[in-house]
Protein chains: 2
Amino acid sequence: MTPEPDAPENAAKPFDPLALDHQLCFALYAAANRVIRLYRDQLEPLGLTYPQYLTLLVLWERDDRLVGEVGEALSLDSGTLTPLLKRLETAGLVIRTRDAADERRVRITLTKQGRAMRAKAVDIPARIACEMGLPLETLVQLKQTLTTLATDQD
Amino acid sequence: MTPEPDAPENAAKPFDPLALDHQLCFALYAAANRVIRLYRDQLEPLGLTYPQYLTLLVLWERDDRLVGEVGEALSLDSGTLTPLLKRLETAGLVIRTRDAADERRVRITLTKQGRAMRAKAVDIPARIACEMGLPLETLVQLKQTLTTLATDQD
DNA sequence: AGCGATTAAATTGTGCACAATGTAAAAGAT
DNA sequence: ATCTTTTACATTGTGCACAATTTAATCGCT
């Protein structure tokens, strides 16, 4: 009811640093949630979740990786990856094997079925880009900025 | 086979639509996770999680809202909000009351303590913006694009 | 060789995010 | 007025994300 404490008398609009509409963080949070929902529709027929799909992207690029290498690529720790990788193993897409040379390590390898899944996923990015309803140029610029944001000074 | 216009530096390589580095979705996912981590450091002393903070932003802007109104503002359903709001109630920041006029509805009201929390949070956005290490202009443009992405054709 | 420090992954516990379902109240239809 | 439909929220179950801790293996140092 009362005007903002720091508002000069009846100024047009005192800037509110906590207004939801001003938060980059909320825009980022809401956009990420929405895009994950878009992917869910595409991935559900394949029986994959979004983080599982990202994990497969990493392995399709280079197979036979350590848990830590996958985690490095995705910025995820073993607390997230271990159960996820166990589910991918149960689904028959990867195999987890203790490294004989260093028993602390666990190697992640794609099965034939895991490699075959790639063909079923190859059209997904284009379909999602289409659903986003923004010009390609904007999406490319956006990805650039977000990558900087994600990798900066960690 | 044709080299993508947006990847001039590796024009020799065939474009891989599933390469992790090409995924806007991954950039978005990683950026969102990183920003939430930045907030976690700021919010931990206040005893708040990031979605709880977003919920308070909504209520600080306008108090005495229905669960559904909060959910509308944040694009979250009751499955997420009900337990979150119960935790905010346990923390003494909000009160949940059944609407007497319509018993289906639950009104969310800030407590004195909930309103007081605002003063402790008011500096957070500026500190985060600083930590992001990108020029303000870029951040403003980014928020604009993300908002479009989040709200488009849902 | 012996041993503390480091490393790799797993485990435990909390809190989202969401699909699916349930419950009860209110609104509409006949 | 009774019955169907819709609405608002709660509940259940799955799967992340991450902090904190644990376990076990390897490394580094003397």
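Per chain, numbering begins at 1; letters A, B, ... match sequence-line order.
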message = If you assign B:Lys86 and B:Arg40 each to the DNA chain D nucleotide with the nearest heavy atom, which residue ends up on the more 5' nucleotide?
response = B:Lys86
Got a list of protein N/O to nucleotides 3-7 of chain C N/O distances below 3.5 Å?
residue	atom	partner	partner atom	Å
C:dT7	O2	A:Arg104	NH1	3.1

Within the structure shown, what part of the strands sits under 4.0 Å from [X] by heavy-atom distance: base, sugar-phosphate, or nothing?
X: B:Gly79; result: base
X: A:Ser78; result: base
X: A:Leu84; result: sugar-phosphate
X: A:Arg107; result: nothing
X: B:Thr80; result: base
X: B:Ala101; result: sugar-phosphate
X: A:Leu66; result: sugar-phosphate

Within a strict 4.5 Å, meaning less than it, do heavy atoms of the [X] and [Y] side chains meet?
X: B:Leu48; Y: B:Leu93; answer: yes
X: B:Leu46; Y: B:Ile124; answer: yes
X: A:Trp60; Y: A:Leu57; answer: yes
X: A:Asp63; Y: A:Thr109; answer: yes
X: A:Arg34; Y: B:Thr151; answer: no
X: B:Tyr53; Y: A:Leu18; answer: yes
X: B:Leu149; Y: B:Leu28; answer: yes

request  = In whole angstrom, give the distance that lies between atom CG of A:Leu81 and atom P of C:dA9.
outcome  = 10 Å
Pairwise 5' ranking along DNA chain C for A:Pro83 and A:Tyr29, keeping only the more 5' one = A:Pro83
message = Can you give me the first and the last nucleotide of DNA chain D (5' to 3') that has an atom within less than 4.0 angstrom of a non-hydrogen atom in chain B?
response = D:dT7 to D:dC18
task = Take the angle between the ring planes of B:His22 and B:Phe15 and call it parallel below 30°, perpendicular above 60°, tilted in between.
result = parallel
request  = Could you tell me whether B:Gln144 atom CD has more than 12 heavy atoms of other residues or ligands within 6.0 Å of it?
outcome  = no
